[in-house]
Each structure stands twice: as structure tokens, then as C-alpha cells.
Amino acid sequence: MERRHFLKGLALTGAASTLSFSDGMELLAQQSTSSTGALVDLVAVMGGEPDLMFRKAIAELGGMKRFVKPGQKVVVKPNIGWDKTPEYAANTNPILVKEVIQQCFAAGAKEVIVFDHTCDDWRKSYENSGIESVVKETGAKMMPGNEESYYREVSLPKGKILKKTKIHSAILDCDVWINIPVLKNHGGAKMTMSMKNLMGIVWDRKFFHQNDLQQCIADCCTLQKKPILNIVDAYRIMKTNGPKGTNLGDVALSKALMVSTDIVAVDTAAAKFFNQIQEMPLDDIGHLANAQALGLGTMDLDKIKMKQIKM
């Protein structure tokens with residue numbers, strides 16, 4: 001079957017670059033299912049608006065009804081960590097968040113809750129990210145994450161360093177949850193992607209930074225209640241000075257989205273994509289290999305079924 005690159009000559013903010021989904025992400029087949037009818041494991045979409053790209057992606061994965069059942073209580077966990085407006089790409093794109101919530105309700109969700117343990121003031125972060133307003137529009141609920149009383153301690157017996165931590169009760173009490181990070185540079189973790197976004201469900205993040213950050217990120221992902229979907233928002237990418245950014249010169253408009261149930265695979269794909277905009281060797285992102293070693297997914301994208309879509 002043919003291999004191919006696509007989406008050549010995409011214009012980025014501040015520069016003209018040629019982007020594709022790189023060698024490790026090339027498709028072996030341009031079909032959404034294998035010859036045996038099995039669904040794909042990872043979908044990468046490029047060239048559209050956030051909501052439209054997600055509609056394409058979730059359809060290829062079997063539709064939201066495959067993941068969210070009628071009557072379920074769902075948590076949607078974006079990155080809302082910073083008091084920044086959407087064009088700075090410090091937080092998840094609100095248009096994407098809105099679409100995911102709407103699809104959850106359309107699939108029959110009884111309730112959808114959205115939260116993050118923010119770094120900046122939570123009220124300002126919720127408001128200025130644009131996420132609070134879209135949550136209200138959909139009828140979902142915003143929940144704070146700024147007080148320790150919202151968190152309960154859980155054991156992580158498979159973790160190597162992080163053996164226990166306090167997790168937000170919204171995650172522990174929901175039926176299913178969806179992880180929606182924004183793809184960006186991070187000074188400490190090197191990259192923010194799906195695994196790094198789990199730090200926003202934890203109360204004591206100092207432990208991560210005071211110990212082996214890359215291992216603790218992987219350890220946190222051993223949490224028994226794993227996200228049913230990992231949706232990496234790469235519509236805008238903060239290519240440097242993350243995780244908060246300094247100015248719009250830090251941001252590239254890349255119009256991409258990657259979705260998978262495999263948290264390691266989707267982060268590997270996202271990192272390969274990011275590396276075409278700003279150099280970031282996979283070996284520098286230690287939590288990828290650490291998570292693979294813990295059996296949380298694969299970095300070998302040749303071992304999974306993928307589909308790439310150009311809009």
C-alpha cells in the first residue's frame with residue numbers, strides 16, 4: 001500500500017514551513033478500518049478548524065457513542081492552567097472543548113463537568129481562556145480545582161516513584177473522562193501533551209517537580225481510571241517559552257489534531273509533529289519512554305493502525 005506525506009507548504013505564524021505527519025506517522029492505508037473491519041487506533045487531522053477536525057477524527061474512531069453511553073457522568077479535562085486568551089495557545093482551544101462537550105451530550109451523557117487545577121488564578125484562567133463561556137453555552141458545569149478539599153488520595157501501586165497522590169474528586173466520581181491537552185513547549189517537562197495534562201487532576205504537583213518529573217508524569221498515568229480519549233489540540237502550538245508563553249511570537253498556527261485511546265502513541269505522534277516546528281528530540285521527553293516501560297502504550301507507531309486526514 002502507498003505511503004505518502006501530505007499538507008505541504010502550510011503557512012505558520014511568523015514563518016512559512018512545510019509540515020506533514022513525518023515518517024513515523026505515515027499511513028499504511030488511507031482507510032479508516034483494516035481488512036478485518038477493526039477500527040483505527042489513532043487519527044491525525046490537519047488543515048481545518050478545531051471543531052470540524054474533531055468531528056472528522058471521532059467519526060473515524062467509531063463516533064462518540066462508542067465511548068460515552070446514555071446516562072453517564074462525563075468529565076472533560078482541558079488545559080486551563082493559565083490566565084491567557086486563546087491566541088496565546090497556553091490553554092486548550094475553547095472551540096474544541098465546546099465541540100467535545102456537545103458530542104458527549106449528543107451521545108447521551110447525563111452530565112458533563114469541566115475543570116483544571118490551574119497555575120494562575122482559577123477564576124481568571126477559566127474566564128480568559130474562553131473555556132468557561134463555552135461550557136455555560138453547552139449546559140455543562142465548571143468545577144473549581146483550587147482547594148485541597150476537592151481531592152482524595154489514591155494509591156498508584158504500579159508507579160515507580162509516585163506511589164500515591166490526591167486526585168480531583170470529579171475524576172474519581174465520574175463514569176468516564178476525556179483528556180484534552182494543548183500541544184506546547186514546557187520548560188520542565190519539555191512538552192505538554194496528554195500525559196503531562198494529568199498533572200491538572202493532581203493536588204500536590206510539587207512532588208513531581210521535587211523528584212523525577214519525567215517518571216512522575218508517567219507514574220500518574222498508571223491511575224486506574226484512565227481517560228477514554230486523548231485529544232491533542234494542535235490548532236495553535238506554543239513552540240517556545242512554555243508553558244505560559246511570553247508573546248504571540250511564541251505561537252505557530254498549525255491547524256492539527258490527534259486523537260487516540262493510546263496515551264503514549266498519541267503523545268509520540270504529537271511530539272513528532274511538534275518537532276517539525278521546533279526541535280524537540282523524543283529522547284528529551286523522558287515520560288514517553290517511561291510510560292511505555294510501564295505498559296501504558298506504545299511509541300512504535302508502526303504497530304498501530306492510523307489514519308491521517310487532510311481538510
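Just so it is clear, the model here is predicted, and its values are computed rather than measured. Scope of the values below: all heavy atoms of this structure, side chains included, with no hydrogens, waters or symmetry mates.
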Same cluster or not: F115 versus V76, using hydrophobic residues (I, L, V, M, F, W, Y) connected whenever any side-chain heavy atoms lie under 4.5 Å apart? yes
Can you tell me if Q292 uses its side chain to pair, donor with acceptor, with the backbone of M299 under 3.5 Å? yes
I'd like to check the salt bridge (charged side-chain N to carboxylate O under 4.0 Å, His left out) partners of K244; sequence neighbours left out, ordered by chain and number. D120
Can you check whether M142 reaches I80 side chain to side chain, under 4.5 Å on heavy atoms? yes
Set of salt bridge (charged side-chain N to carboxylate O under 4.0 Å, His left out) partners for D116, sequence neighbours left out: K77
My understanding is that only residues two or more places apart in sequence, or in another chain, count here; which of them pass salt bridge (charged side-chain N to carboxylate O under 4.0 Å, His left out) with E99? R55
Result block: side-chain N/O donor-acceptor pairs under 3.5 angstrom for residues 129-138, not counting sequence neighbours:
from	atom 1	to	atom 2	distance (Å)
S129	OG	S125	O	2.8
S129	OG	Y126	O	3.1
S129	OG	I131	N	3.1
S133	OG	G130	O	3.0
E137	OE1	K98	NZ	2.8
T138	OG1	V134	O	3.4
T138	OG1	V135	O	2.8
T138	OG1	A140	N	3.3

The complete set of ring pair (Phe, Tyr, Trp, His ring centres under 6.0 Å) pairs with one or both residues in residues 79-110, sequence neighbours excluded, reads none
For D284, which residues count as a salt bridge (charged side-chain N to carboxylate O under 4.0 Å, His left out) partner, sequence neighbours excluded? none
Apart from I95 itself, what residues make up its hydrophobic cluster, given side-chain heavy atom links below 4.5 Å? none
With ring centroids as reference points, do Y151 and H117 lie under 6.0 angstrom apart? yes
Does any pair with a residue in residues 217-230 pass salt bridge (Lys or Arg N to Asp or Glu O under 4.0 Å), and if so which ones, sequence neighbours excluded? none
Residue pairs passing the salt bridge (Lys or Arg N to Asp or Glu O under 4.0 Å) test where at least one lies in residues 170-188, sequence neighbours excluded: R152-D173
With T165, which residues qualify under side-chain hydrogen bond (donor to acceptor under 3.5 Å, both in side chains), at least two apart? none
Here the salt bridge (Lys or Arg N to Asp or Glu O under 4.0 Å) pairs for residues 63-73, sequence neighbours left out, are K73-E111
So does K163 have more than 12 non-hydrogen atoms from other groups sitting under 6.0 Å from NZ? yes
Salt bridge check, E153 against K166: does any charged N sit closer than 4.0 Å to a carboxylate O? no
Show every side chain to side chain donor-acceptor pair (under 3.5 Å) that has at least one partner inside residues 227-236, sequence neighbours left out. E49-Y235, N179-N230
